[in-house]
Amino acid sequence: MSLALYNSLTRRKAPFTPLNPERVTMYVCGPTVYNRVHIGNARPAVVFDTLFRLLQTQYSNVVYARNITDIDDKIMNTAAASGEDISELSTRFAQAYFDDMAALNCLEPSIIPYATQHIPEMISMIERLIAKGHAYSADGHVLFAVQSMPNYGALSGRSLEDMLAGARVEVAEYKQYAGDFVLWKPSADHEPGWQSPWGYGRPGWHLECSAMIEKHLGETIDIHGGGQDLIFPHHENEIAQSCCANDGQPVARYWLHNGFINIDGEKMSKSLGNFRMVNDLLKQYPGEVLRYVILSSHYRSEQNFGKELLDSAWRSLDSLYGYLRGVPAGTAKLNKASAGYQALLDDLNSPVAISELYRLGKEMHAAEGEQQAQLRDELLGLSDIMGLLQQDADQWFKNIRGDQGISEADIEALIVERQQAKANKDYTGADKVRQDLLDQGVVLEDSREGTSWRRS
RNA sequence: GGCGCCGUAGCAAAGUGGUAAUGCAGUGGACUGCAACUCCGCCAUCGUCGGUUCGAUUCCGACCGGCGCCUCCA
């Protein structure tokens, strides 16, 4: 089976065929950098990183771009509130985002374009849209005229009338039509901005993606991804801008959208105060645990994050690493005929692929010698696509869990002490040592070769 | 009001027109000085009610319950 993807535009799953197999292109909407990112931002990063890895098993040249939105009213407000320079603030949080995503085993995208570095391209696109009758300037703004585009609303599946019927926002008086959206807006003197044919101002939110896609990836890309909340208005407007600027050329052929993450059954929101920042979670859980949780459900479904889920994911990963522990290190080797790989090709069915990890792990554990080595390599080949099992198994169990733990030297010393007690048939003493260690999160495992330990 | 999504064991989560993968937890047993690890076994009829069908968790309809989006940046 070859890769099949669910396309939000057609609302169905279809075989993926790139425009140019020699250069497969993917663009994913990255964060607006005005704060630490929350776990909801991590989902698209992990999901599309997995797709990036998967595509690379099929095509030799995959170009993956994920942008940084570094000009935006939210950034301006945050900077104004703290007095920090806007570029310093956005640079700081962009780096924080990179750090967080790296902790989740996300590969670096091929290209990381920044909005502020593409102002000329955006201005040029606006000029084209005006020239072609799709945009107009009014009162220092430039607006996209949605009525000039016949099938505006195709992605989100709504008609202009429907959208306006439910509109709950007052219509600015400079708009010719209530549904028109901003391409360029004026900045006050003290606000960040750039000179343009329409005066000092800054770009509208949607424009950067259209301009950067065109510049770095081309008029029409293969895959465009992002969170479900971006379907409307962001992606709808991106389509409008790019398509109209390029005489009807589609901007993306496959639109992929991941579902939301909720916290304990509720949407993350400021009013509920239930944002889960990736950085905070990383203080309690290895990044791989967060990644495992994200991949343990299908990317299009809603996912509910909670402590129980995270703890259980950690124990689940312990099982997988447990199978690998004691098996000599190997080299990942992808078996393209395997059920796990086929599951990933089927619209990224990571839950099934993960279940195959267990099957392979069990088989490997029961096997010996060359057969075991083969199964190990196959296991690693599959887990590599998902960015899981990226650590040495022994190390996984020795890493300190939580805030702090007893040192390795102290553990070893206590084990020696217990051996002595056992040799003296002082089982009460031996058990006490074990219980003491257990109380500190260390589990002892006796075997013919001696006593080993792990943190739990 | 408009558009759309979801409802599978304690917690998660796949899946299929022919009686439901997998993980965690639980539980019975083997192993162990006792444990841990590991192994063997057990643990669901798929929100409710109708319809279509030889047969539905899977298709259709209704209902109940939960949720998302509906434009200038919450």
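Atom set for the values below is all heavy atoms of this structure, side chains included, hydrogens, waters and symmetry mates excluded. Within every chain, numbering begins at 1; the chains are lettered A, B, ... in the order of the sequence lines, protein sequences first and strands thereafter.
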- Task: Within residues 363-377 of chain A, find the residues that approach RNA chain B with a heavy atom at under 4.0 Å, and present them sorted by residue number.
- Result: A:His365
- Message: Which nucleotide wins on minimum distance to the side chain of A:Gln303, given the candidates B:C72, B:A13, B:U71?
- Response: B:A13
- Query: Do side-chain atoms of A:Tyr136 reach the backbone of A:Gln176 as a donor and acceptor pair under 3.5 angstrom?
  - Reply: yes
- Figure out the NE2/P separation between A:His38 and B:A74, and round it to whole Å. 14 Å
- Would you indicate which nucleotide in B:A14, B:C37, B:A74 comes nearest to any side-chain atom of A:Arg454? B:C37
- Find which nucleotide of RNA chain B each of A:Gln228 and A:Val182 is nearest to by heavy atoms, and output the residue with the more 5' nucleotide. A:Gln228
- Salt bridge flag under 4.0 Å for residues A:Lys398 and A:Asp394: no
- Query: Looking for any heavy atom pair under 4.0 Å, which part of the strands does A:His298 touch: base, sugar-phosphate only, or nothing?
  - Reply: sugar-phosphate
- Rounded to whole Å, CD1 of A:Ile261 lies from P of B:G68 at a distance of 15 Å
- Query: Where the side chain of A:Glu302 is concerned, which of B:C73, B:C67, B:A14 is the nearest nucleotide?
  - Reply: B:C67
- Pairing string, 5' to 3', for RNA chain B - Watson-Crick or wobble contacts under 3.5 Å, brackets [ ] where pairs cross, | to another strand: (((((((..(((.....[...))).(((((.......)))))....(((((..]....))))))))))))....
- Query: Contacts to RNA chain B from residues 337-345 of chain A, heavy-atom cutoff under 4.0 Å, which residues?
  - Reply: none
- Query: Across the strands shown, which category fits A:Phe181 at heavy-atom distances under 4.0 angstrom: base, sugar-phosphate, nothing?
  - Reply: base
- Message: My understanding is that only residues two or more places apart in sequence, or in another chain, count here; which of them pass side-chain contact (heavy atoms from CB on, under 4.5 Å) with A:Ser124?
- Response: A:Arg128
- Item | Atom NZ of A:Lys132: over 12 foreign heavy atoms under 6.0 Å | yes
- Task: Mind running a 4.0 Å heavy-atom check of residues 184-193 of chain A against RNA chain B and sending the residues that fall below it, in number order?
- Result: A:Lys185
- Message: Heavy atoms from C-beta onward define the side chain here; which of B:U71, B:A12, B:A36 lies closest to that of A:Pro233?
- Response: B:U71
- Heavy atoms, side chains only, cut-off 4.5 Å: are A:Leu281 and A:Ile39 in contact? yes
- Rounding to a whole Å, what distance do you find between A:Phe260:CZ and B:C67:P? 14 Å
- A:Glu363: salt bridge (charged side-chain N to carboxylate O under 4.0 Å, His left out) partners, not counting sequence neighbours: A:Arg359
- What integer number of Å spans the C1' atoms of B:G7 and B:U58? 14 Å
- Message: Say we look at B:A35 and B:C43: how far apart would their C1' atoms be, to the nearest angstrom?
- Response: 25 Å
- For A:Tyr200 and A:Gly193, indicate whether the former's side chain and the latter's backbone hold a donor-acceptor pair under 3.5 Å. yes
- Query: Which residues pass the side chain to side chain donor-acceptor pair (under 3.5 Å) test with A:His365, sequence neighbours left out?
  - Reply: none
- Looking only at atom C1', what distance separates B:U48 and B:C6, rounded to whole Å? 16 Å
Which pairs would a plain distance check flag for residues 425-434 of chain A, meaning a side-chain donor or acceptor within less than 3.5 Å of a matching protein atom at least two apart in sequence or in another chain?
from, atom 1, to, atom 2, distance (Å)
A:Asp426, OD1, A:Gly429, N, 2.9
A:Lys432, NZ, A:Asp436, OD2, 2.9

- Message: Counting the atoms with a prime plus P, OP1 and OP2 as sugar-phosphate, which does A:Leu444 contact under 4.0 Å by heavy atoms, base, sugar-phosphate, or nothing?
- Response: base
- Task: Would you mind checking if A:Arg401 and A:Asp318 are paired as a salt bridge, meaning a charged N to carboxylate O distance below 4.0 Å?
- Result: yes
- Task: Write down the distance separating the P atoms in B:C63 and B:C40, rounded off to the nearest Å.
- Result: 49 Å
- Take atom C1' in B:A56 and the same atom in B:G65, then report the distance between them in whole Å. 22 Å
- Task: Flag the pair A:Arg202 and A:Glu208 as a salt bridge only when some basic side-chain nitrogen lies within less than 4.0 angstrom of an acidic carboxylate oxygen.
- Result: no
- Task: Pick the C1' atom in B:C34 and in B:U19, then give their distance to the nearest Å.
- Result: 44 Å
- Message: With a sphere of 6.0 Å drawn around CD of A:Glu191, does it hold more than 12 non-hydrogen atoms of other residues, nucleotides or ligands?
- Response: yes
- Query: Residues two or more places apart in sequence or in another chain: which of them pass side-chain contact (heavy atoms from CB on, under 4.5 Å) with A:Trp184?
  - Reply: A:Ile119, A:Ile123, A:Ile126, A:Val142, A:Trp194, A:Ser196, A:Trp198, A:Pro203
- Item | salt bridge (charged side-chain N to carboxylate O under 4.0 Å, His left out) partners of A:Lys362, counting only residues at least two apart | none
- Message: Measuring to OP1 and OP2 of B:A74, would you say a side-chain N or O of A:Asn77 lies under 4.0 angstrom away?
- Response: yes
- Query: With sequence neighbours left out, what residues match A:Gln117 under side-chain contact (heavy atoms from CB on, under 4.5 Å)?
  - Reply: A:Tyr114
- Got a donor-acceptor contact below 3.5 angstrom from the A:Arg276 side chain to the A:His38 backbone? no
- Residues A:Arg454, A:Glu445: salt bridge by 4.0 Å N-O rule: yes
- Item | Contact state string [nucleotides 20-33 of chain B, B base, S sugar-phosphate only, - no protein heavy atom under 4.0 Å] | -BSSSS-------B
